[in-house]
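Beneath this line is the structure, given in structure tokens, with notes to follow.
Nothing fancy with the numbering, it's 1 onward along the sequence. For the numbers below, each heavy atom of this structure counts, side chains included, while hydrogens, waters and symmetry mates do not.
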Amino acid sequence: MPRFDLSLSDLQSYRPDVAEPDDFDAFWAATIAEARAVGGGMTVEAVDTPLRTVDVFDVTFPGFAGDPVRGWLSVPHAADAPRPAVVEYVGYGGGRGLPHERLSWVSAGYVHLLMDTRGQGSRWGAGGQTPDPHGAGPASPGFMTRGIDDPADYYYRRVFTDAVRAVDAVRALPQVDAARVAVAGGSQGGGIALAAGALCDDLVAVMPDVPFLCHFERAVGLTDRDPYQELVTYLSVHRAAPERVFETLSYFDGVNMAKRATAPGLFSVALMDFTCPPSTVYAAYNHYAAERDIRVYSFNDHEGGAAHQWPEQAAFLGARV
């Protein structure tokens with residue numbers, strides 16, 4: 001597998017101009033305000049599991065348009081004081097799976113919410129349980145082009161709003177210290193974490209791992225892998241659509257989200273990543289507006305650091321809570 005992108009020295013200074021709509025902030029302020037106006041809180045149901053050091057809850061909270069979004073809430077057993085929390089988002093095509101699959105954060109003493117991704121959960125893993133009741137226009141298979149004719153209808157408007165409402169819901173829990181909440185995720189989950197970092201106030205850390213959904217225009221011309229290839233497929237059929245498509249995507253680009261970061265960020269990047277090319281990750285990282293650091297995995301594809309990255313995240317977050 002060859003290196004195919006810029007050299008590391010060029011990546012470290014790669015800070016491209018990425019299209020940004022004039023009403024970006026107004027669009028997102030209205031979107032989040034509308035979702036919060038629906039109201040509602042998290043429903044929490046205890047789950048009987050074989051786990052003895054962790055209390056697990058099946059939770060549902062109101063996301064975009066008040067739609068019910070599922071998740072797993074894991075709390076250290078018999079926690080006697082509010083804890084810091086990590087809200088985690090899932091990679092493309094996966095769902096929340098089963099509660100015993102992700103125990104690292106709760107085992108380290110954090111309250112952990114794993115958010116299901118609406119409409120996903122049938123491509124890998126143990127499944128998802130959150131439908132996406134909204135439909136819009138023709139799309140290529142997958143999620144990247146759903147509603148892409150208009151930012152208001154685009155699929156990731158709903159997902160990013162769900163991500164913000166997940167943070168809102170966690171902060172309202174009695175087990176959580178609302179002033180010490182972080183967000184994390186890998187691949188698609190990393191892109192969602194970047195969005196949450198831009199759209200939520202007062203997070204203590206944002207930890208995007210090999211993030212997807214960054215610098216769309218470069219990505220579609222650089223890799224032939226899905227999910228970015230879904231955009232290429234769509235544009236190969238809708239030949240007059242590129243201007244409209246990239247205008248829509250500019251509201252969701254991780255680069256534009258990174259410009260609005262206020263919490264410390266820890267990224268990771270893999271220099272042989274053909275799914276999320278390293279230059280797209282560095283485009284967001286180099287625009288990140290707050291304190292930042294990055295872990296570089298020189299000989300890895302999209303798995304990045306895999307199990308090696310979590311201890312880096314734990315140390316980064318532990319120094320800030």
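A distance-only check finds a donor-acceptor pair linking the side chain of Arg260 to the backbone of Asn256 [under 3.5 Å]. With hydrogens and angles disregarded, no donor-acceptor distance shorter than 3.5 Å links the side chain of Glu291 to the backbone of Pro264. Here the side chain of Gln188 pairs no donor or acceptor atom with the backbone of Gly93 at under 3.5 angstrom. Checked by atom type and distance alone, the side chain of Arg171 pairs as donor or acceptor with a backbone atom of Ala178 at under 3.5 Å. The main-chain N or O of Gly142 is found under 3.5 Å from a side-chain atom of Arg146 such that the two form a donor-acceptor pair. At distances below 3.5 Å, at least one donor-acceptor pair connects side-chain atoms of Thr233 with backbone N or O atoms of Gln229. At least one donor-acceptor pair closer than 3.5 Å links the side chain of Ser140 to the backbone N or O of Glu230. Within the 3.5 Å criterion, the main-chain N or O of Leu11 finds a donor-acceptor partner in the side chain of Asn286. Side-chain N or O atoms of Arg15 include none that pairs as donor or acceptor with a backbone N or O of Gln12 at under 3.5 Å. Looking at Asp253, its side chain does come within 3.5 Å of a backbone N or O of Phe216 through a donor-acceptor pair.
Side-chain polar atoms of Ser7 and Asp10 form a donor-acceptor pair below 3.5 angstrom. For the residue pair Arg118/Thr130, the side-chain donor-acceptor check at 3.5 Å is not satisfied. Side-chain atoms of His215 and Tyr14 include a donor-acceptor pair closer than 3.5 Å.
Atom-to-atom distance recorded for Arg102:CZ and Glu88:CD is 4.5 Å, nearest 0.5 angstrom. The distance from the CG atom of Asp209 to the OG atom of Ser268 is 3.5 Å, given to the nearest 0.5 Å. Residue Asp273 holds its CG atom at 7.5 Å from OG1 of Thr280, rounded to the nearest 0.5 Å. How far CZ of Phe27 is from CD1 of Ile32: 9.0 Å, rounded to the nearest 0.5 Å. The OG1 atom of Thr161 lies 7.5 Å from the CG atom of Leu199; values are rounded to the nearest 0.5 Å. If you take CG on Leu114 and CH2 on Trp72, they are separated by 10.0 Å, rounding to the nearest 0.5 Å.
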Step by step, work out the side chain to side chain contact (heavy atoms under 4.5 Å, CB included) result for Val281 and Val210. CA-CA 7 Å; Val281 175; Val210 290; 5.5 Å; no
If you apply the rule salt bridge (Lys or Arg N to Asp or Glu O under 4.0 Å), what do you find for Asp162 with Arg70, and how did you get there? CA-CA 10 Å; Asp162 293 346; Arg70 303 286 293 274; over 6 Å; no
Can you check side chain to side chain contact (heavy atoms under 4.5 Å, CB included) on Val69 and Thr60, steps first, answer last? CA-CA 5 Å; Val69 180; Thr60 304; 5.9 Å; no
What's the verdict on ring pair (Phe, Tyr, Trp, His ring centres under 6.0 Å) for Phe64 and His134, showing C-alpha distance, side-chain angles and the deciding distance? CA-CA 10 Å; Phe64 177 86; His134 305 268; 5.4 Å; yes
Does the pair Leu73 and His112 meet the rule for a side chain to side chain contact (heavy atoms under 4.5 Å, CB included), with working shown? CA-CA 6 Å; Leu73 179 71; His112 178 239; over 6 Å; no
Determine, step by step, whether His302 and Ser187 satisfy the side chain to side chain donor-acceptor pair (under 3.5 Å) criterion, reporting the C-alpha distance in whole Å, the side-chain angles of both residues, the deciding distance to 0.1 Å, and the verdict. CA-CA 8 Å; His302 194 50; Ser187 192; 2.7 Å; yes
Working for salt bridge (Lys or Arg N to Asp or Glu O under 4.0 Å), residues Asp5 and Arg218: CA-CA 11 Å; Asp5 205 339; Arg218 180 168 177 82; 2.9 Å; yes
Taking it one step at a time, do Leu113 and Val59 satisfy side chain to side chain contact (heavy atoms under 4.5 Å, CB included)? CA-CA 9 Å; Leu113 174 67; Val59 300; 3.7 Å; yes
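Nearest heavy-atom pair, Ala196 versus Ala163, reported as atom, atom and distance to 0.1 Å: CB-CB, 4.4 Å. Here the closest non-hydrogen pair linking Val87 and Ala166 is CG1-CB, 4.0 Å. The two residues Ser250 and Phe24 have their closest heavy-atom pair at O-CE1, 3.7 Å. Closest approach of Cys214 and Ala284 over heavy atoms only: SG-CB, 3.9 Å. Closest heavy-atom contact between Val206 and Ala193: CG1-O, 3.6 Å. Taking all atoms of both residues into account, the shortest heavy-atom contact from Gly191 to Pro211 is N-CB, 4.0 Å.
Classification of Arg96 and Asp58 as a salt-bridged pair holds, one side-chain N sitting under 4.0 Å from a carboxylate O. Contact check on Asp150 versus Arg157 returns no salt bridge, with no Lys/Arg side-chain nitrogen under 4.0 Å from an Asp/Glu carboxylate oxygen. Salt-bridge annotation for Asp67 and Arg165: absent, with no side-chain N of the basic residue lying under 4.0 Å from a carboxylate O of the acidic one. Electrostatic pairing of Asp177 and Arg83 does not count as a salt bridge here, judged by no charged N lying under 4.0 Å from a carboxylate O.
The hydrophobic clustering, which links ILVMFWY residues whose side-chain heavy atoms are closer than 4.5 Å, places Tyr234 and Leu222 apart. The hydrophobic clustering, which links ILVMFWY residues whose side-chain heavy atoms are closer than 4.5 Å, places Phe274 and Val296 apart. Taken together through direct or relayed side-chain contacts under 4.5 Å among Ile, Leu, Val, Met, Phe, Trp and Tyr, Tyr282 and Leu213 form part of one hydrophobic cluster. Both Tyr89 and Val159 belong to a single network of hydrophobic side chains, linked directly or stepwise wherever heavy atoms of I, L, V, M, F, W or Y lie under 4.5 Å apart. Note: the hydrophobic cluster containing Trp310 also contains Val204 (ILVMFWY, side chain heavy atoms under 4.5 Å, direct or indirect links).
The shortest side-chain heavy-atom distance between Val56 and Val106 does not fall under the 4.5 Å cut-off. Using a 4.5 Å heavy-atom threshold, the side chains of Val269 and Ile294 count as touching. Between Ile148 and Leu249 there is a side-chain heavy-atom pair separated by less than 4.5 Å. Using a 4.5 Å cut-off on side-chain heavy atoms (C-beta onward), Tyr288 and Met257 make no contact. The shortest distance between side-chain heavy atoms of Leu173 and Val44 falls below 4.5 Å. Using a 4.5 Å cut-off on side-chain heavy atoms (C-beta onward), Arg36 and Asp168 make contact. Side chains of Lys259 and Val255 form a contact here, defined as non-hydrogen atoms less than 4.5 Å apart. Residues Phe4 and Pro278 meet the side-chain proximity criterion, which asks for heavy atoms closer than 4.5 Å.
Checked against the 6.0 Å centroid criterion, the rings of Tyr228 and Phe212 qualify as a close aromatic pair. In this structure, Tyr156 has its ring center no closer than 6.0 Å to that of Phe252.
Atom NE2 of His100 has more than 12 neighbouring heavy atoms from other residues, nucleotides or ligands inside a 6.0 Å radius.
Of the candidates Phe316, Tyr285, Tyr297, Tyr285 is the only one forming a ring-ring contact (aromatic ring centres under 6.0 Å, His included) with Phe267.
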